[in-house]
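Atoms within each ligand, like the ligands themselves, are counted from 1 in listed order.
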Amino acid sequence: MAYFLVYLLVLILVPTISADPDALQDFCVADTNSSTIFMNGLPCINPSKASVKHFTTSALSKPGDTSTNVFNASVIIATAQILPGINTLGITIARVDLAVKGEVPPHFHARATEIIFVLEGNLIVGFVDTTYKLFSTEIKTGDVFVFPKGLVHFVYNMGNTSAVMIQAFNGQDFGTTLIPIAVFHSSPGIPDQVLSKAFQISAAEVDTIRKNLGGK
Ligand SMILES: *[C@@H]1O[C@H](CO)[C@@H](O)[C@H](O)[C@H]1NC(C)=O
Ligand SMILES: *[C@@H]1O[C@H](CO)[C@@H](O)[C@H](O)[C@H]1NC(C)=O
């Protein structure tokens, strides 16, 4: 009984909701030029050298180029490299532009939950939980959707115009694993026979998918 109470107390007291560890100081403006210190996050510059410019960026102000990848999606992330002030604060923000029929293909973020706000467009969004149940719907300009941490999710532009959305994450470096790329375009590649068996397709079909995704 005593053990159980201790266990319960630990469950209540241990914070489990924040994705990144809490900061121990007001800010830790990232030293984006440091290549000698490897730590969880980025080292800070001397706080007396911090200025307001470290806390702002215009990187998300213009549409990204959706023609450079087969998914016709552009994702611009306000990383600590371009917004050094977010270092250790446990958040970041991104802008996604999708051409007509463009998509952010099924993927997951190992280190953060994501919430999106549609600035413009008509989207099909969804995620699959760990029991393989799909939660999917159509959303439009002004709508919000949330993708729980670590779950496979996607966004598809079903509208007749290009779409724009803002993404926010409770992690400064949330990590993105695109399923098609991780599976069919890793480096080096997963052996053909493994993918053949996994997807119940021939080795030739495996190669076709690899080529379609820009592999050889
Ligand atoms: C979609 O992607 C293809 C291949 O990268 C590109 O040629 C095409 O221009 C893109 N379309 C748009 C509307 O961005
Ligand atoms: C796109 O346009 C077609 C006809 O041109 C229309 O049938 C369809 O409803 C439109 N879709 C959206 C999402 O507006």
Checklist entry - Between His153 and Phe108, does the ring centroid distance fall short of 6.0 Å? => result no
Checklist entry - So does Asp20 pair up with Arg111, basic N to acidic O under 4.0 Å? => result no
Item to check | ligand 1 N/O within reach of Thr68 N/O, cut-off under 3.5 Å | outcome: no
Next on the checklist: Test of understanding: given a 4.0 Å heavy-atom threshold, classify the contact between Asn69 and ligand 1 as side chain, backbone, both, or neither.
Outcome noted: backbone
Checklist entry - Looking only at protein heavy atoms, which one is nearest to atom 8 (C) of ligand 1, and how far off is it? => result Asn72 ND2, 3.8 Å
Checklist entry - Should you measure from each heavy atom of Ala99, which atoms of ligand 1 turn up under 4.0 Å away? => result 12 (C), 13 (C), 14 (O)
Checklist entry - Just which atoms of ligand 1 are under 4.0 Å from any heavy atom in Ser67? => result 5 (O), 6 (C), 9 (O), 10 (C), 14 (O)
Next on the checklist: I'd like to check which ligand 1 atoms, numbered from 1 as shown, lie under 4.0 Å from a non-hydrogen atom of Thr66.
Outcome noted: 1 (C), 10 (C), 12 (C), 14 (O)
Item to check | Over 12 non-hydrogen atoms of neighbours within 6.0 angstrom of CG in Leu24 | outcome: no
Checklist outcome for this item: Exactly one of Thr92, Asp173, Ile93 clears side-chain contact (heavy atoms from CB on, under 4.5 Å) with Ile86, and that residue is Thr92
Next on the checklist: Pairing donors with acceptors under 3.5 angstrom, does anything connect the side chains of His107 and Thr177?
Outcome noted: no
